[in-house]
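The next block holds one structure in the form of structure tokens; read it before the comments.
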There are 2 protein chains.
Amino acid sequence: VPFLPLIYVAWADGELSTEELGAFRAAIHRQPGIDAASLAALDRWLDPELPLTAAELEDLLGRIHHHRDSYLRTGSGNGVGEVASALGMPYEDVVRELLGAVSDDAPSAAALRVDTSAMQQLLDGPEREARARMRTVLSQPSFRYRHDLGTEARRRQVSEWLQLLAREGFGARGLPVELGGGGDLPGFLAAFETLGTHDQSLTVKFGVQFGLFAGSIYMLGTERHHRWLREAASGDLPGCFAMSELEHGSNVRDLRTEARLDAATGEFVVHTPDVGARKEWIGNAAVDGRMATVFAQLYTGDTCHGVHALLVPLRDASGRLLPGVSVTDAGEKMGLNGVDNGSIAFDHVRVPREYLLNRHGDVAADGTYSSPIASPDARFFTMLGTLVGGRISVARFALSAAKSGQAIAVRYAARRRQFGPAGSAERRLIDYQSHQRRLMPALATTYACDFALKALTRRYLGFRNEAQREIEVQAAGLKAYVTWHVTDALQECRECCGGQGFLSANRIGVLKSDTDVYTTFEGDNTVLMQLVAKGLLTEYRQQFGSMRLGGMIRFLASQASRRIVASNPVAARKTDVAHLRDVEAQEFLLRYREVRMTASVARRLKRLLDKGEDPFDAFTRCQDHLLALARAHIERVVASAFRAGIADAPVTLRPILTDLADLHVLNGLDRDAAWFLSAGVMEGNKAKAIRNLVLQLSASIAPAAEGLVDAFGIPDAVLGAPIAAAGEHSHVLRG
Amino acid sequence: VPFLPLIYVAWADGELSTEELGAFRAAIHRQPGIDAASLAALDRWLDPELPLTAAELEDLLGRIHHHRDSYLRTGSGNGVGEVASALGMPYEDVVRELLGAVSDDAPSAAALRVDTSAMQQLLDGPEREARARMRTVLSQPSFRYRHDLGTEARRRQVSEWLQLLAREGFGARGLPVELGGGGDLPGFLAAFETLGTHDQSLTVKFGVQFGLFAGSIYMLGTERHHRWLREAASGDLPGCFAMSELEHGSNVRDLRTEARLDAATGEFVVHTPDVGARKEWIGNAAVDGRMATVFAQLYTGDTCHGVHALLVPLRDASGRLLPGVSVTDAGEKMGLNGVDNGSIAFDHVRVPREYLLNRHGDVAADGTYSSPIASPDARFFTMLGTLVGGRISVARFALSAAKSGQAIAVRYAARRRQFGPAGSAERRLIDYQSHQRRLMPALATTYACDFALKALTRRYLGFRNEAQREIEVQAAGLKAYVTWHVTDALQECRECCGGQGFLSANRIGVLKSDTDVYTTFEGDNTVLMQLVAKGLLTEYRQQFGSMRLGGMIRFLASQASRRIVASNPVAARKTDVAHLRDVEAQEFLLRYREVRMTASVARRLKRLLDKGEDPFDAFTRCQDHLLALARAHIERVVASAFRAGIADAPVTLRPILTDLADLHVLNGLDRDAAWFLSAGVMEGNKAKAIRNLVLQLSASIAPAAEGLVDAFGIPDAVLGAPIAAAGEHSHVLRG
């Protein structure tokens, strides 16, 4: 039996000489301890007169694979090593080569057709009317792109566009009817998301005005502030959200702008103590903003009550800055030049006491501070909780930008031809494996993110109070995961369109430059991912209490899905497509990684803390590990939301959605294959098989890709790119 | 012995109850076949009265690791599985947990100081005078950045800058003295590279004028064309390099612009047959270009001689387009808006027969075609060979852009503070593990690329003819590898600078947008990497002839370094720092991957071809594999060039350079750990140890990072970014 691999290799090449076979046989005969029957069989297999047929070889390979374990265990004892050396092949290499081989020539799955309109209906969801209205408005000639405008003109254009959207009622749609709104928050969010397929400056300006400014008045303020909502929602009162400072972006708790009560006059004095405390990157500040929600350390007397928000007028109705307010234009940026960012400094600016947004903390006329939330910590996080909606929206409109970019890149790839077999027409880019590999997994991930964000939005809208903490963590994690995905996906789109992708008219470059800052605004992604990891560790500690080593192993074992591996160690090396595409098997891997990473990082932290390390330092030393954990968690959440969405989808759409889900998940497993291999839940042949399946799924989805991007429902006028247009330009792109 | 892991776990947690220990003992006593001596020893180890000391535990873990193989092989036989289950821990998990553990608490290496000026001298190399002059010129006030200019003004500014550089003699520096040049090609290339730390539009325009236009006249033309060189090098004759067409970018061989001889008048008629054949993305075309090197299919009568280049005047001295020439402005781009790209169409434009750049192919007055290179294929590739210098230069100036971005990001990280332990000052960003992980490996790779590009440049300058083919392949591969690195590195820099990185004044965003197209111009990276893979396969076939399975295994075995694994299977799981940093061990892994990938992709191709698949299709089916191979090859080339450079460096610089080289190489191994794990040359614990070492090296290099970026020698004025400036702004960035 140990000689089988050598025999296979000898015949597989098909042209071993009689001499070589003879030498092989002689080497075998020199070995002691081989019984006569085995020798006879070996002689038969090495008979130059009777070469093995293809079927026999196939059979032989099957037997070798069947006895895989014994080959791996046995090593080159029994003289087989010597025989192999005589042939010039180390036995271990032969075994590794044969056992590691995975066929990549499996016929690829049949391409599936997409029912584009059914898919669009599914993606549009219950808010299809709001989306359709936004699409109609954006398709009007007034919203046509201009790529030749300077910064001043761009800003003017975006302000005008914003007014048009406000006039169509998009700004007020999400507010309660009794406050003059449309009472349709889901519709507001869906329209906002749809807007993200268009110009990003407009989208961000829309978010600043209606999401952050009006939203903070609504969420942090009370009745006495809500009178401003009508004007905010109509765009008549342009506003800012002034949280970040030059020296404190992520670390909001240590902001240094001050709001001190002057009890004598019943006013707050808002002041910027030094240049590092000026409000920075504030959208709408440089030109348009007339009022701002300002975050500051609230003081009564010498007592600081921590960060609170209050309204501060910036400019009068004619746009002149008010006394004590100074604004510096942020100037040119890498993108989003239609948004007038600026910094704001306050020099003892006085506002009435009632301008404090007092839902979570108030100051009475006599200077008494009160709050419905006793703990300052809890109060701080409750106020920041108002950012959750913003983070979900950033992720949603960022994803819309990726959809526009992918629609353009896929259409171009389906038309553009370059190179080809001698004497034939040139091939379409989308027919190349490398092109499929760059575009299809990312497209699948866009679909996955879309389902995950919709699921999160539903939870956010429905259960705001009960599961608030968990929703906050998921919003932080998804915002980071999605915006990083968008950056990567648009990068691939740009490169896949070559020089065309660099032209502003084709919009991919513009989308890329504009969205780049999304990974660091509304919460720096790295900071957000650490919030996610902290949340998981808290949960783990609650669920489990101790972080002892034995306890952790028991915890891992207690996970129901753990049994898949425990009871079936073969799973680690299964390579058949059915297994690789099995949802439960995929979920096991994703969950296993998350649980194990949670437990191991918890143990590391405990060890460091036990040694007396400062908690902050201990956490910093595990940052890389914590970020990997957060990513593992979010990947599982996204995959599971996608699967749940598919279960609810019309039956006809499920096959293509399942292809996309498999591609998305397998691509993620492939990217992190080193972890699974190291953890022992995947073997080399399985990792290879996953990679092959990613290629195969990319190839089988490619013919459906145009339908999949059409289902995003982006009107041609909104897409804008000449290279993505059917008709007039397509003749230019033929091969 | 099999119980040791359980005993370790039992005590490691330090608080096993007397009941639990009793249950454990009882379970052991229930097992048959344990001899009395072992039982007594086990009882001793589980005696609640005599807990194991820390030293004994340490010793126990050592023994477990020592018998690693037997634990992995044995599995949960001998009743140990049952005992483990009784404790609620699957035995396999216990073993995996203990054997997989890699200590990450090793003290990090002492930070090394950098002798900045010695390092700069090393990086500047023999061409330091040329670099110094370029730096002086670029530091003049006239080269100060303006971020508020519209496209027209930007283009004007860049044209003026170009004239200033030409006046300083940078354009002529590389040409032979007898043609009016400075006879200093290395100095020209070094100055060009140095220019890349400044504005990218200027750099590209410089490359178009002096590299591509003047370079093509010099390289493809003969004496009769060289009379134009003086004007080209002085900038008085602005020129274009018109190769790409709308429908044919990468596929140069199938260009469709025509140059037909009119024998009657002794002229070539240059014509664009349809819109798809117009020359596209041509730098200098939209505004400035007065002459172009045009690539066209050369016809005499009805015979096509393939692609040739000829000079075609575009505009007269006053800048008016000549009859038959039409130009369309490419319009706004994602970046490089200081370069006036445009498309050019020719309507039967006549130029004298002598305008054909006739070094490699000529047409006599009577219409006879002749060429010193008989094979049309060889002729085509020889002409394209003139692109090699351009590709090397793109890689070099792209890397300069990364250096500028990294200098800015590192300086900012060393000043900016955010968050910190309770009650202490906030921490500098550079002190965070995640920040180190993002910036340091990329900085190490920039150093590695710098050494590799200098080595390649030396070979290019010295041995142009002998090793031309290999140099072409390396230029293609390094151009792709470096420009992808630059894109990734600048992305990290941008994110690491948060909102500040988005401001144009801080330049990182500008550098990112400008350099983005480098991955797809001067050869699309994906296409270039396939050239590299093809080159390797050709070499493999030449070296080895057959692609038989047995042959391949022998080939692998014949690689000398192969013995490292063959004779020492322990290497796959060695985790000590000395081994991980051992140059030979690293080189073995890099070479092993390359050789094995070469062999396996060669076999796959052979199998597909044997089945009768079209070679083009077979190649396409292996694209992903081929790209991985090309990357593996280039990674090895870069690493080995870096090591060779270190050997030649001053002794005092070697320690820090060695840290950088290790970080660069180990980071690459970490990224591709899945491959090494699958191939069986790395085990899980080693993969983890490599990842830990990457973190440790990143941490130990971080304190030296400012010195390392200072050594790039970029003057403050050229760096430009306020966030990178010492002095006046730094107070703004404190915590």
Side-chain angles (χ1 to χ4, degrees), chain A residues 9 12-13 88-90 93-94 96-97 147-148 150 246 249-251 275-276 281 331-334 418-419 421 432-434 437 495 498-499 502-505 509 513 516-517 519-520 524 526 548-550 553-554 556-557 566 614 616 620 623-624 627 673-674 677-678 680 684 687-688 695 732, chain B residues 9 12-13 88-90 93-94 96-97 147-148 150 246 249-251 275-276 281 331-334 418-419 421 432-434 437 494-495 498-499 502-505 509 513 517 519-520 524 526 548-550 553-554 556-557 566 614 616 620 623-624 627 673-674 677-678 680 684 687-688 695 732:
Chain A
V9 172
D13 289 340
M89 312 178 199
D93 288 4
V94 173
R96 187 180 289 152
E97 204 54 46
H147 297 289
D148 56 345
L246 179 59
S250 294
N251 186 2
V275 63
W281 321 119
E332 297 291 312
K333 291 160 293 181
M334 179 187 171
Q418 199 78 178
F419 294 112
Y432 286 97
Q433 189 182 59
S434 61
R437 181 77 181 79
E495 293 184 30
F502 202 62
L503 281 191
S504 299
S513 300
D516 201 79
V517 79
T519 56
T520 54
D524 177 272
T526 303
R548 296 187 300 161
L549 177 55
I553 294 170
R554 281 190 206 111
L556 285 172
D614 178 88
F616 183 85
T620 301
Q623 250 186 332
D624 192 62
L627 293 170
L677 287 159
S678 297
K688 275 192 207 170
L695 291 172
V732 165
Chain B
V9 171
D13 288 340
M89 314 176 198
D93 288 4
V94 173
R96 186 179 291 151
E97 204 54 47
H147 297 290
D148 56 344
L246 178 60
S250 294
N251 185 3
V275 64
W281 321 119
E332 296 292 312
K333 291 160 293 181
M334 178 187 170
Q418 200 78 177
F419 294 111
Y432 286 97
Q433 187 181 61
S434 62
R437 181 79 180 78
R494 209 297 291 159
E495 293 184 29
F502 201 62
L503 281 191
S504 300
S513 300
V517 79
T519 57
T520 55
D524 177 272
T526 303
R548 297 188 299 161
L549 177 55
I553 293 170
R554 281 191 207 110
L556 285 172
D614 177 88
F616 183 85
T620 301
Q623 249 185 332
D624 192 63
L627 293 170
L677 287 159
S678 296
K688 275 192 207 170
L695 292 172
V732 165

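No experiment lies behind these values; they were computed from the predicted model shown. Reckoned from all heavy atoms, side chains included, excluding hydrogens, waters and symmetry mates. Convention: sequence-line order gives letters A, B, ...; per-chain numbering from 1.
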TODO: Select, from A687(B), G499(B), G150(B), the one with the greatest count of heavy-atom pairs under 4.5 Å involving chain A.
DONE: G499(B)
Open item on the list: Given heavy-atom pairs under 4.5 angstrom as the criterion, report whether the side chain, backbone, both or neither of D516(A) touches chain B.
Closed with: both
Open item on the list: For the backbone of T520(A) and the side chain of E495(B), can you confirm whether one donor and one acceptor N or O come within less than 3.5 Å of each other?
Closed with: no
Open item on the list: Out of A505(B), G498(B), S250(B), return the one with the most heavy atom pairs under 4.5 angstrom to chain A.
Closed with: S250(B)
Task: Flag, side chain of Q433(B) to backbone of L695(B), donor-acceptor distance under 3.5 Å - done: no
Open item on the list: Is D524(A) close to chain B through its backbone or its side chain, or both, or neither, when contacts mean heavy atoms under 4.5 Å?
Closed with: side chain
- [ ] Below 4.5 Å from any heavy atom of chain B, which atoms of T526(A) appear? Answer side chain, backbone, both or neither.
- [x] side chain
Open item on the list: Restricting to salt bridge (charged side-chain N to carboxylate O under 4.0 Å, His left out), what partner residues turn up for D148(A), sequence neighbours left out?
Closed with: R146(A)
TODO: Could you pull out all residues at least two apart from E332(B) that satisfy salt bridge (charged side-chain N to carboxylate O under 4.0 Å, His left out)?
DONE: none
Task: Under 4.5 Å from any heavy atom of chain B - which part of L503(A) - done: both
Task: H147(A) NE2 to K333(B) NZ distance, which is reported to the nearest 0.5 Å - done: 14.5 Å
